[in-house]
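Worth saying up front: this structure is predicted, and the values here are computed from it rather than measured. By convention here, the first residue in the shown sequence is residue 1.
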Amino acid sequence: YENKYVKFFRSKPELPPGLSPDTAPSRPTAPPQGSEQGLSKAAKRNLKRKEKRKQQQEKATEQQQQEKATEQQQEKATDGAGGTPVPTEEGGQGDNAGGSSERSRRIKSLRKKLRQVEELQQRLESGGLPQPTKEQLEKLGRRKALEEELRGLEV
């Protein structure tokens, strides 16, 4: 369905009355990409900002590549001289940085579990817990295994 106004405007010619379609100038197309003609001041400013950001990113990637190259040269120098490994930015030594963080997390969780076991043991001894549940008894039974694992990780 089209209402009468839509029909009226569609039936109207696009050219002014009396102008022949042969002599009518063609409609301007969109400006080619990359040219700044026909853009508003804000659009031009945004383009400049975009280009500046792009240059900064390229500069940052170049710096990172240079840093990696210098780190590799330092590692080669220490490996050849038989020296100690150079610590990386993570604070660890080389690839062990990821493993040490996992290890420290595991140690922390084991200490927390042992603390919970000790609190449970104290409540049982003081009489604050008359009937321990099955899970509580299992937790008490795991104490030695937790202590052994913690000792192994701390060494």
Side-chain angles (χ1 to χ4, degrees), residues 1-79 84-120 123 128-143 145-146 149-150 152-154:
Y1 169 77
E2 292 182 342
N3 63 27
K4 62 182 179 179
Y5 297 107
V6 171
K7 287 181 182 177
F8 171 74
F9 284 108
R10 286 207 177 149
S11 67
K12 257 176 91 172
E14 292 185 23
L15 299 173
L19 184 63
S20 135
D22 299 333
T23 60
S26 63
R27 287 186 172 214
T29 58
Q33 300 224 356
S35 70
E36 293 185 12
Q37 289 183 342
L39 295 178
S40 66
K41 287 183 182 179
K44 289 178 184 178
R45 196 175 0 181
N46 289 340
L47 276 175
K48 287 181 184 178
R49 287 180 185 163
K50 195 174 185 179
E51 289 174 10
K52 190 174 182 181
R53 250 186 267 125
K54 195 175 189 180
Q55 289 174 352
Q56 287 176 345
Q57 286 177 347
E58 290 172 358
K59 200 177 206 181
T61 54
E62 287 175 12
Q63 287 177 350
Q64 288 175 351
Q65 290 173 352
Q66 289 176 352
E67 288 174 4
K68 286 181 184 178
T70 55
E71 286 178 11
Q72 289 175 352
Q73 289 175 354
Q74 288 176 352
E75 288 176 10
K76 287 179 183 177
T78 56
D79 290 343
T84 58
V86 179
T88 58
E89 293 178 13
E90 292 85 35
Q93 293 180 346
D95 295 333
N96 294 340
S100 66
S101 65
E102 290 177 22
R103 189 172 142 198
S104 63
R105 268 191 243 128
R106 183 68 182 150
I107 289 173
K108 186 177 178 181
S109 70
L110 287 173
R111 286 182 180 160
K112 181 179 177 184
K113 288 177 184 178
L114 280 172
R115 191 170 46 247
Q116 290 173 344
V117 169
E118 289 172 6
E119 289 174 4
L120 184 61
R123 283 197 297 168
L129 195 64
Q131 287 291 335
T133 64
K134 180 181 174 184
E135 290 85 15
Q136 290 171 332
L137 291 173
E138 288 175 2
K139 190 178 250 187
L140 289 171
R142 287 193 304 253
R143 181 178 186 158
L146 292 172
E149 188 176 351
L150 182 62
L153 287 173
E154 286 179 337

Selection residues 3-13 - residue pairs positive for side-chain hydrogen bond (donor to acceptor under 3.5 Å, both in side chains), sequence neighbours left out: E2-R10

Residues which pass side-chain hydrogen bond (donor to acceptor under 3.5 Å, both in side chains) with E138, listed by chain and number, not counting sequence neighbours: none

Nearest atoms (heavy-atom pairs only) where Q116 meets K139: OE1-NZ, 3.2 Å

Rounded distance [0.5 Å steps], CG in L140 versus CG in L120: 4.5 Å

For R142, all residues meeting side-chain hydrogen bond (donor to acceptor under 3.5 Å, both in side chains), sequence neighbours excluded: none

CG-CZ distance between L146 and R111, expressed to the nearest 0.5 angstrom: 13.0 Å

Shortest non-hydrogen contact from L39 toward K44: O-CE, 3.5 Å

side-chain contact (heavy atoms from CB on, under 4.5 Å) against R106, all qualifying residues, sequence neighbours excluded: S109, L110, K113, E149, L153

Residue list, side-chain contact (heavy atoms from CB on, under 4.5 Å) with E119, at least two apart or on another chain: R115

Check: residues 58-65 side-chain donor-acceptor pairs under 3.5 Å, at least two apart:
from, atom 1, to, atom 2, distance (Å)
T61, OG1, Q57, O, 3.3
T61, OG1, E58, O, 2.7

Which residues share a salt bridge (charged side-chain N to carboxylate O under 4.0 Å, His left out) with R143, sequence neighbours left out: E118, E147

